[in-house]
Protein chains: 2
Amino acid sequence: MRYSHRLSDAVHILAYIDIYHDSDLSSTAIAASVESNPALVRRLMVALRRAGLLATQQGTAAPRLARQPAKISLLDVYQAVEEEGNLLHVDDKTNPKCVVGGNIQETLRVAYDEVQRAAETQMAQITLASLVDDIWTREREKKANGNR
Amino acid sequence: MRYSHRLSDAVHILAYIDIYHDSDLSSTAIAASVESNPALVRRLMVALRRAGLLATQQGTAAPRLARQPAKISLLDVYQAVEEEGNLLHVDDKTNPKCVVGGNIQETLRVAYDEVQRAAETQMAQITLASLVDDIWTREREKKANGNR
DNA sequence: TTAGATGTTACTTTATATATTACATCTAGT
DNA sequence: ACTAGATGTAATATATAAAGTAACATCTAA
């Protein structure tokens, strides 16, 4: 499969807006950091706005976080940008005439739901604040190593 | 993205072999239940054999489970057939000159690893035996409803 | 009024999971 | 040994979804 980077890019956008809140926050500037393109950034920002995570508006006003970083979880971002929202996928064209083919779809759906819940519980415990903290920690470490 | 059904199809194969152990277990027969094609089934069976879950051999011998269904977990199957094995994916081409772009990849990798562990812990608790039980339960319920 | 941004759509490109085909290889049964 | 019929394996084609691209309407602050 071709992997989706929507979640990673959305976190990137939010972290960028938090860290560079006094600089250029245009979709073009953010896209340069993501190494993607402005339209994709804008589409993701719309999804984040609809989920109540980001305050954006047309015109020249800079976007800002709609909640404190500590109040935004990875799960919030995941649910904002991954509409399908399933980490595992059922094969939905099995043979209904067979005991296995006729029932395994529902069986797997229930099992996958349990896995999904476990993953989402963990995602709920990771905040944008902790991710931004980690980014800064790594940045400091890089500087310290570079100056040795 | 086009969703991968490797895990679902692999579980399907194992459940089929468990349930239909006295019938035709050729890759062609299994492919008819999966509504896929024999080559895909064979490729998945090779992966399952390499992981020690399935005993197959060339020639006419029927495949059989290498372990009891209660000793085969969804995690075992997942690790057997999903070589990449990451449910979430880091965008690996961010701008290294930016504080965010230069560090977020590693930051997200650590966070995603925690989510992955939570999901895998749950997968480890789901066995092939419980999945096959669930398939039979659904089959009985369908029959009961059909005979009303 | 206007510059410059977002919101939005349509289309193109690219990546990759699966389907398809073919054939080498092996084994059980004769 | 021979053969039928199965698996193991690779090459290629196809389908599909993610991301890239371009264009433009819309809005807002100065």
Side-chain angles (χ1 to χ4, degrees), chain A residues 1-10 12-13 16-17 20 23-51 54-64 66 80-94, chain B residues 1-10 12-13 16-17 20 23-32 34-51 54-64 66 81-94:
Chain A
M1 114 187 55
R2 184 176 187 184
Y3 306 120
S4 169
H5 298 139
R6 287 172 64 87
L7 176 59
S8 294
D9 290 346
H12 192 136
I13 290 167
Y16 192 96
I17 290 170
Y20 288 103
S23 307
D24 179 5
L25 293 183
S26 66
S27 61
T28 303
I30 298 174
S33 175
V34 179
E35 289 200 351
S36 175
N37 61 79
L40 172 66
V41 171
R42 290 200 289 271
R43 278 192 293 254
L44 287 173
M45 287 202 299
V46 168
L48 293 169
R49 172 168 56 76
R50 290 195 177 131
L54 193 63
T56 66
Q57 49 185 317
Q58 287 189 325
T60 50
R64 58 187 174 72
V81 301
E82 303 280 355
E83 54 269 5
E84 175 89 10
N86 292 315
L87 295 168
L88 297 171
H89 302 283
V90 174
D91 184 347
D92 58 355
K93 53 163 193 167
T94 56
Chain B
M1 115 189 54
R2 184 173 188 186
Y3 304 120
S4 168
H5 298 140
R6 288 172 65 86
L7 176 59
S8 294
D9 290 347
H12 191 135
I13 290 167
Y16 192 96
I17 290 171
Y20 290 103
S23 308
D24 179 6
L25 292 183
S26 67
S27 61
T28 303
I30 299 175
V34 179
E35 289 200 352
S36 176
N37 61 77
L40 172 66
V41 171
R42 290 200 289 271
R43 277 192 295 256
L44 287 173
M45 288 202 298
V46 168
L48 292 169
R49 172 169 56 76
R50 290 194 177 132
L54 193 63
T56 67
Q57 49 185 316
Q58 286 190 326
T60 51
R64 57 185 175 73
V81 301
E82 303 278 358
E83 54 269 7
E84 176 88 10
N86 293 314
L87 295 169
L88 296 170
H89 302 284
V90 174
D91 184 346
D92 58 356
K93 53 162 195 167
T94 57

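First the proteins, then the strands, lettered A, B, ... as listed; each starts at 1. These numbers were taken from a predicted model, which means no experiment stands behind them.
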Rounded interatomic separation in angstrom, taking [atom1] from [X] and [atom2] from [N]:
{"X": "B/Asp91", "N": "D/dG20", "atom1": "CG", "atom2": "P", "answer": "8 Å"}
{"X": "A/His89", "N": "D/dT16", "atom1": "NE2", "atom2": "C1'", "answer": "14 Å"}
{"X": "A/Tyr3", "N": "C/dT16", "atom1": "OH", "atom2": "P", "answer": "7 Å"}
{"X": "A/Arg6", "N": "D/dG20", "atom1": "CZ", "atom2": "P", "answer": "12 Å"}
{"X": "A/Ile30", "N": "C/dG7", "atom1": "CD1", "atom2": "C1'", "answer": "15 Å"}
{"X": "B/Glu82", "N": "C/dT16", "atom1": "CD", "atom2": "P", "answer": "14 Å"}
{"X": "A/Gln57", "N": "C/dG7", "atom1": "CD", "atom2": "C1'", "answer": "13 Å"}
{"X": "B/His5", "N": "C/dT16", "atom1": "NE2", "atom2": "P", "answer": "17 Å"}

Please walk me through it: do A/Val41 and A/Thr28 pass side-chain contact (heavy atoms from CB on, under 4.5 Å)? CA-CA 8 Å; A/Val41 171; A/Thr28 303; over 6 Å; no

Nearest to the side chain of [X] - [options]?
{"X": "B/Val46", "options": "C/dA19, D/dG8, C/dT8", "answer": "D/dG8"}
{"X": "B/Arg50", "options": "C/dT18, D/dT7, D/dT9", "answer": "D/dT9"}
{"X": "B/Arg42", "options": "D/dG8, D/dG20, C/dA19", "answer": "D/dG8"}
{"X": "B/Ala39", "options": "D/dA19, C/dT6, D/dT9", "answer": "D/dT9"}
{"X": "A/Asn37", "options": "D/dT7, D/dT21, C/dA19", "answer": "D/dT21"}

Just how far is it from atom CG of A/Asp9 to atom CG of A/Leu44, taken to the nearest 0.5 Å?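 Answer for the CG-CG pair, A/Asp9 versus A/Leu44, is 6.0 Å.
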
Would you give the length of the straight line joining atom CE of A/Met45 to atom CD1 of A/Ile30, rounded to the nearest 0.5 angstrom?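 Between A/Met45 CE and A/Ile30 CD1, I get 5.0 Å after rounding to 0.5 Å.
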
Give me the atom names and distance for the closest heavy-atom approach of A/Pro63 to A/Leu25.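 The answer is O-CD1, 3.5 Å.
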
Closest heavy-atom contact between A/Tyr16 and A/Ser33?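 Heavy atoms of A/Tyr16 and A/Ser33 come nearest at CE1-CB, 3.5 Å.
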
So which pairs with a foot in residues 34-45 of chain B pass side-chain hydrogen bond (donor to acceptor under 3.5 Å, both in side chains), sequence neighbours left out?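 Only B/Ser27-B/Arg42 qualify under side-chain hydrogen bond (donor to acceptor under 3.5 Å, both in side chains).
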
Could you go through nucleotides 3-5 of chain C and list every protein N or O atom that sits under 3.5 Å from one of its N or O atoms, giving the distance for each pair?
none

Check: D/dT7 base within 3.5 Å donor-acceptor of B/Arg43 side chain: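 By the distance-only test, no, there is no pair.
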
Between A/His12 and B/Thr94, is any pair of side-chain heavy atoms under 4.5 Å apart?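 SC-SC contact between A/His12 and B/Thr94 confirmed.
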
Can you check whether A/Lys93 has a side-chain N or O nearer than 4.0 Å to OP1 or OP2 of C/dA19?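 A/Lys93 to C/dA19 OP1/OP2: side-chain N or O found under 4.0 Å.
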
Categorize A/Ser36 for me: base, sugar-phosphate, or nothing, with a 4.0 angstrom heavy-atom threshold over every strand shown.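 Touches sugar-phosphate only.
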
